[in-house]
Protein chains: 2
Amino acid sequence: MPDAAARPLRSDCPLSAALDRFGDRWTLLILRDIAAGKRRYGDIAGSNEVIPTNILAARLKQMQADGLIESVPYQSRPVRSEYHLTAKGRSLIPIMQELCRWGLAHEEETRPPSGVFMMLKP
Amino acid sequence: MPDAAARPLRSDCPLSAALDRFGDRWTLLILRDIAAGKRRYGDIAGSNEVIPTNILAARLKQMQADGLIESVPYQSRPVRSEYHLTAKGRSLIPIMQELCRWGLAHEEETRPPSGVFMMLKP
DNA sequence: CGGGATCCTCAATGATACTG
DNA sequence: CAGTATCATTGAGGATCCCG
């Protein structure tokens, strides 16, 4: 598997650049989990939206390559790491909150007022 | 191809719901173009990031199904339509602007200060 | 010519099994 | 537990083709 590298950007448009970094189905959900305090692989894998493990591993690598998170080893043999947001990753929290507000306002018509699983503490 | 229908959501998380609507590589770029005044298929297809025509057609249908845009016929035989933002589509403009700001702040290090192709007028 | 539809190829995704 | 390997399926991205 080709190791994660910085991907090229499609154009000079900054919106396009942002989407090239986290405009996919999983990156922001992983970032949400880490921001919410989940630090280990298994915590994130156990989230409500069940992310396939191979994709989770690939995204964690890509997000490190993009500077959104960093991995901090907490034991060796076997090597185990925790994931933390970098400053760059933290800079996405307001965006996630705004997306969250939009989702609440526009996509909750049909669903019962069950639990809201997004709770980022600014 | 199954005609565009509202897709199911992965979970109750409103962030996830928002991403299920426009968390892909093209939807927001198309929305940006329409918001910036491009109304016809060819205008959007000619954008800086070259979107394949099959994807553009599919996205336009999906965005209508999701209520983000509406198509207004401006001639019949052959039927030709213009695309406009709905109120729901317009509600994404602040989000696009914030993404844009993020892209400028975090992803422009390497590129020369060439033109910025994103200019949404609030 | 504008607005697609269609076909093809290949990369990414997703499900699941497996391993250190 | 934290991933990697494998494999089927989907989707992206090009290149036409078609139809009015």
Side-chain angles (χ1 to χ4, degrees), chain A residues 1-11 16 19-30 33-34 38-66 69-84, chain B residues 1-5 7-11 16 19-30 33-34 38-65 69-84:
Chain A
M1 63 265 125
D3 242 346
R7 282 167 301 188
L9 302 175
R10 280 172 292 179
S11 82
S16 156
L19 291 173
D20 284 339
R21 288 292 166 248
F22 53 83
D24 73 287
R25 288 173 67 72
W26 295 112
T27 300
L28 285 187
L29 294 183
I30 297 170
D33 285 348
I34 300 178
K38 301 185 180 179
R39 309 224 167 284
R40 301 186 183 183
Y41 191 93
D43 299 334
I44 304 171
S47 265
N48 207 260
E49 313 84 5
V50 191
I51 181 170
T53 62
N54 55 348
I55 307 236
L56 175 54
R59 286 295 182 280
L60 286 172
K61 272 183 198 148
Q62 184 68 56
M63 292 164 77
Q64 286 175 70
D66 290 344
I69 61 175
E70 57 191 355
S71 76
V72 183
Y74 65 89
Q75 78 172 37
S76 39
R77 220 156 33 270
V79 176
R80 293 282 180 266
S81 301
E82 293 187 332
Y83 299 98
H84 296 267
Chain B
M1 354 297 24
D3 243 345
R7 280 166 303 187
L9 302 176
R10 279 172 293 180
S11 83
S16 156
L19 292 172
D20 284 339
R21 290 291 166 248
F22 52 84
D24 74 287
R25 285 173 68 69
W26 293 112
T27 299
L28 284 187
L29 294 183
I30 297 171
D33 285 348
I34 300 178
K38 301 185 180 179
R39 309 223 167 285
R40 301 188 182 182
Y41 190 94
D43 299 334
I44 305 171
S47 264
N48 207 260
E49 311 86 5
V50 191
I51 180 170
T53 65
N54 54 348
I55 307 233
L56 175 54
R59 285 296 181 281
L60 287 173
K61 273 185 198 145
Q62 184 69 57
M63 294 165 77
Q64 287 176 69
I69 61 175
E70 58 191 353
S71 75
V72 182
Y74 64 90
Q75 78 173 38
S76 38
R77 221 148 40 269
V79 177
R80 293 285 180 262
S81 302
E82 294 187 333
Y83 299 98
H84 296 266

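Quick note on labels: first sequence line is chain A, next is B, and so on, each numbered from 1.
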By the 4.0 Å heavy-atom rule, please label A:R10 as base, sugar-phosphate, or nothing. nothing

Integer-rounded Å distance: D:dG3 C1' and A:E82 CD: 16 Å

Mind checking the CD1-CG spacing from A:I51 to A:L29? Nearest 0.5 Å is all I need. 7.5 Å

Can a side chain N or O of A:R25 be found less than 4.0 Å away from OP1 or OP2 on C:dG14? yes

To the nearest 0.5 Å, atom CD1 of A:I34 lies from atom CD1 of A:I69 at 4.5 Å

Return no unless some side-chain N or O of A:W26 is found under 4.0 Å from OP1 or OP2 of C:dG14. yes

Any chance you could measure B:R80, atom CZ, to B:Y41, atom OH, to the nearest 0.5 Å? 10.5 Å

Report the distance from atom CG of B:D24 to atom P of D:dG13, rounded to the nearest whole Å. 10 Å

Salt bridge or not between B:D20 and B:R10? Use side-chain N to carboxylate O under 4.0 Å. yes

Distance, rounded to the nearest Å, where A:R40 contributes CZ and D:dG3 contributes P: 11 Å

Considering all heavy atoms, the nearest B:T27-B:R59 contact: OG1-CD, 3.5 Å

A:A57 has its side chain closest, among D:dG11, D:dG13, D:dG3, to D:dG3

Checking A:R40 against A:Y74: charged group under 6.0 Å from the ring centre and within 45 degrees of the axis? yes

Rounded to whole angstrom units, what separation is found between the CG atom of B:L60 and the P atom of C:dG4? 7 Å

Quick one: B:R39 CZ to C:dG3 P, roughly how many Å, whole number? 14 Å

Atom pairs under 3.5 Å: protein N/O with N/O of nucleotides 15-20 of chain D:
none

Between A:Y74 and D:dA2, is there a contact of a side-chain N or O with OP1 or OP2 at under 4.0 Å? yes

Does a nitrogen or oxygen in the side chain of A:Y83 sit under 4.0 Å from OP1 or OP2 of D:dG3? yes

What integer distance in Å separates A:I30:CD1 from D:dG3:C1'? 14 Å

Do the side-chain N or O atoms of A:K61 get closer than 4.0 angstrom to the phosphate oxygens (OP1, OP2) of D:dA2? no

Distance col, row B:L19:CG vs A:D24:CG, nearest 0.5 angstrom, shows 8.5 Å

Provide, to the nearest angstrom, the distance between the CD1 atom belonging to B:I55 and the P atom belonging to C:dC7. 17 Å

Between A:Y41 and B:P52, which has a closest nucleotide on DNA chain D that is more 5'? A:Y41

Distance, rounded to the nearest Å, where A:L56 contributes CG and D:dA2 contributes C1': 9 Å

